[in-house]
Amino acid sequence: MLFSDIVGQKSTKERLVQMYHSGRMPHAMLFLGQEGNGSLPLAIAYAQYVNCTDPNKHDGEACGKCPSCVKYNRLTHPDLHFIFPIIKKDKDQSVYSDTYINEWRSRNYEGHYFSLSQWMSCIGGDKQALISKDDAVAIHQKLGQKSVEAEYKVLIMWCPELMNETASNRILKILEEPPAKTIFILVSDNEADILPTILSRTQRFNIPPIADEDMAYHLKRLHPSLSEEMVTRMVHMASGSMVRLLQVTNPDEDSKDNLEFFISLMRISYQRNIVMMTDFVESNVKKLSRETLKARLNYAIHMVRESLVYNLQNPQLSTLTSAEEKFLSKFAVFVHHNNVFKITELLNEAYLHVERNGSAGMIFFDVLMQLAALLKVKP
């Protein structure tokens, strides 16, 4: 992964390069920014730059050709380690990130920008995504050994907020006092759920949303036939996220399913039909994984916000696709100042209950019942 492979983020790249050449590299860093802004690719590119063996890498880019860079490009370097959320299908089963390392490499080969729900769809399962205590033990084993080839051992942890307290406590000492020539890079879009003891042991790097001009330039390269008006609209809808831009330009099944789920949720609630509610829960909710349900609820919260914006008739604030706008042109009138806060609160509470392993069927049936009343509230 080269810095040039990453869309925008020029100032962040320059800061990382300068930090390396100054000899003031923190041993534990937290790359924090919204989903799709390039935090994970930046972490990989920085690790590759640090361990590139070309003496002429002073122009701000790894060579991409030395033996170290070749292995980094394949994510197979023996001194590069990854920890990421996985699914533990059996509570007594020992499962590590390395169990899914082939899927992880394949997902990164497909594209540098992807969401947690997209990653979870790669490995399947209906359990809660987590970074387990088994991985915390593995960190000590991996970093306790000498480097095989590189000057620095690098461990990149994606979504540290998904470590449970036991796992977090197990890595505190090694995070604060790692072996020599060791770099930790934690990558997150959710600072609020990271334990304070972890935050206090890392140096924070805020990764901003990708600038509109950088996204527009990238989009024009991918789709040169797009008009300036369409490019501007798509970039606006992306809101600084490459994950969102890719979904806008080439909607994947997750994007389409999110919208269909939201439409069904609202229509069935409005109709107040108990039989339809029960069928919806049985056929559309219970078969989905917890991560997928969390993604559906996040999307629903987003669409409720967009409904209110649509009512304001201010297109500059809207980030809707044409399919979303088609539905909201009829639905948005049912979301207004008298119910929007309660609807949002209801969906947020459902998200928390799903995250805490509550019964998905009961949670969503309750959501449907409460929405049935809230959508009938008059403006």
Side-chain angles (χ1 to χ4, degrees), residues 1-34 36-82 104-114 147-158 181-187 202-222 224 235 240-243 245-246:
M1 175 78 68
L2 301 177
F3 283 128
S4 57
D5 295 327
I6 301 167
V7 179
Q9 304 295 5
K10 181 181 178 182
S11 61
T12 303
K13 296 172 186 175
E14 291 175 347
R15 181 185 177 191
L16 292 171
V17 170
Q18 183 181 19
M19 185 174 61
Y20 167 77
H21 289 293
S22 71
R24 298 178 178 176
M25 293 188 296
H27 67 265
M29 297 178 282
L30 171 63
F31 285 17
L32 189 64
Q34 72 177 40
N37 67 350
S39 297
L40 179 60
L42 277 168
I44 299 172
Y46 175 65
Q48 179 166 337
Y49 185 83
V50 166
N51 281 319
C52 174
T53 59
D54 190 329
N56 299 315
K57 63 178 179 181
H58 295 282
D59 59 352
E61 188 67 279
C63 71
K65 299 178 181 179
C66 68
S68 176
C69 282
V70 169
K71 291 173 184 177
Y72 260 89
N73 289 334
R74 298 171 181 166
L75 302 184
T76 58
H77 197 290
D79 296 311
L80 172 65
H81 307 287
F82 289 101
W104 177 255
R105 289 168 179 156
S106 296
R107 176 57 261 193
N108 277 274
Y109 295 155
E110 290 175 20
H112 309 319
Y113 300 89
F114 54 91
S147 297
V148 179
E149 298 176 8
E151 181 179 3
Y152 289 92
K153 289 173 290 185
V154 181
L155 187 139
I156 297 174
M157 181 183 291
W158 186 53
K181 299 287 187 176
T182 299
I183 298 174
F184 279 91
I185 308 178
L186 279 57
V187 179
T202 59
Q203 182 169 331
R204 173 173 168 167
F205 288 79
N206 290 321
I207 312 298
I210 303 171
D212 285 354
E213 55 267 27
D214 293 323
M215 298 191 79
Y217 177 77
H218 179 76
L219 186 56
K220 289 175 185 177
R221 288 181 60 194
L222 290 178
V235 168
S241 167
M242 277 299 299
V243 169
L245 183 67
L246 293 171

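Numbers here are sequence positions counted from 1. Just so you know, these numbers use all the heavy atoms, side chains as well, and skip hydrogens, waters and symmetry mates.
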Just grab all the salt bridge (charged side-chain N to carboxylate O under 4.0 Å, His left out) pairs involving residues 203-222, residues at least two apart or on different chains.
E191-R204, K220-E228

Pairs where residues 65-80 contributes a residue and the test salt bridge (charged side-chain N to carboxylate O under 4.0 Å, His left out) is met, not counting sequence neighbours
K71-E149

Evaluate the side-chain contact (heavy atoms from CB on, under 4.5 Å) criterion for residues F205 and L42: first the C-alpha distance (whole Å), next the side-chain angles of each, then the deciding distance (0.1 Å), finally the verdict.
CA-CA 11 Å; F205 288 79; L42 277 168; over 6 Å; no

Please list, chain by chain and in numerical order, all residues satisfying side chain to side chain contact (heavy atoms under 4.5 Å, CB included) with P41, sequence neighbours excluded.
M1, I6, H112, Y113

Just to verify, what does S241 make a side chain to side chain contact (heavy atoms under 4.5 Å, CB included) with, not counting sequence neighbours?
Q34, V243, R244

Do the ring centers of Y152 and H27 come within less than 6.0 Å of each other?
no

Which class fits the ring pair H21 and Y49: parallel under 30°, tilted 30 to 60°, perpendicular over 60°?
perpendicular

When the ring planes of W104 and F82 are compared, do they come out parallel, tilted or perpendicular, using 30° and 60° as the limits?
tilted

Sequence neighbours left out, what passes side chain to side chain donor-acceptor pair (under 3.5 Å) with S4? Give chain and number order.
E61

Would you please name every residue forming a side chain to side chain donor-acceptor pair (under 3.5 Å) with Y46, sequence neighbours left out?
none

In terms of heavy-atom contacts, G36 and I210 come closest through O-CD1, 3.7 Å

Measure across Q48 and G64 and return the closest heavy-atom pair with its distance rounded to 0.1 Å.
NE2-CA, 4.2 Å

Chi angles and distances behind the side-chain contact (heavy atoms from CB on, under 4.5 Å) call for F31, I185
CA-CA 7 Å; F31 285 17; I185 308 178; 4.0 Å; yes

If you apply the rule side-chain contact (heavy atoms from CB on, under 4.5 Å), what do you find for K181 with K153, and how did you get there?
CA-CA 6 Å; K181 299 287 187 176; K153 289 173 290 185; 5.9 Å; no

Heavy-atom count check: over 12 atoms from other residues, nucleotides or ligands less than 6.0 Å from Y217 OH?
no

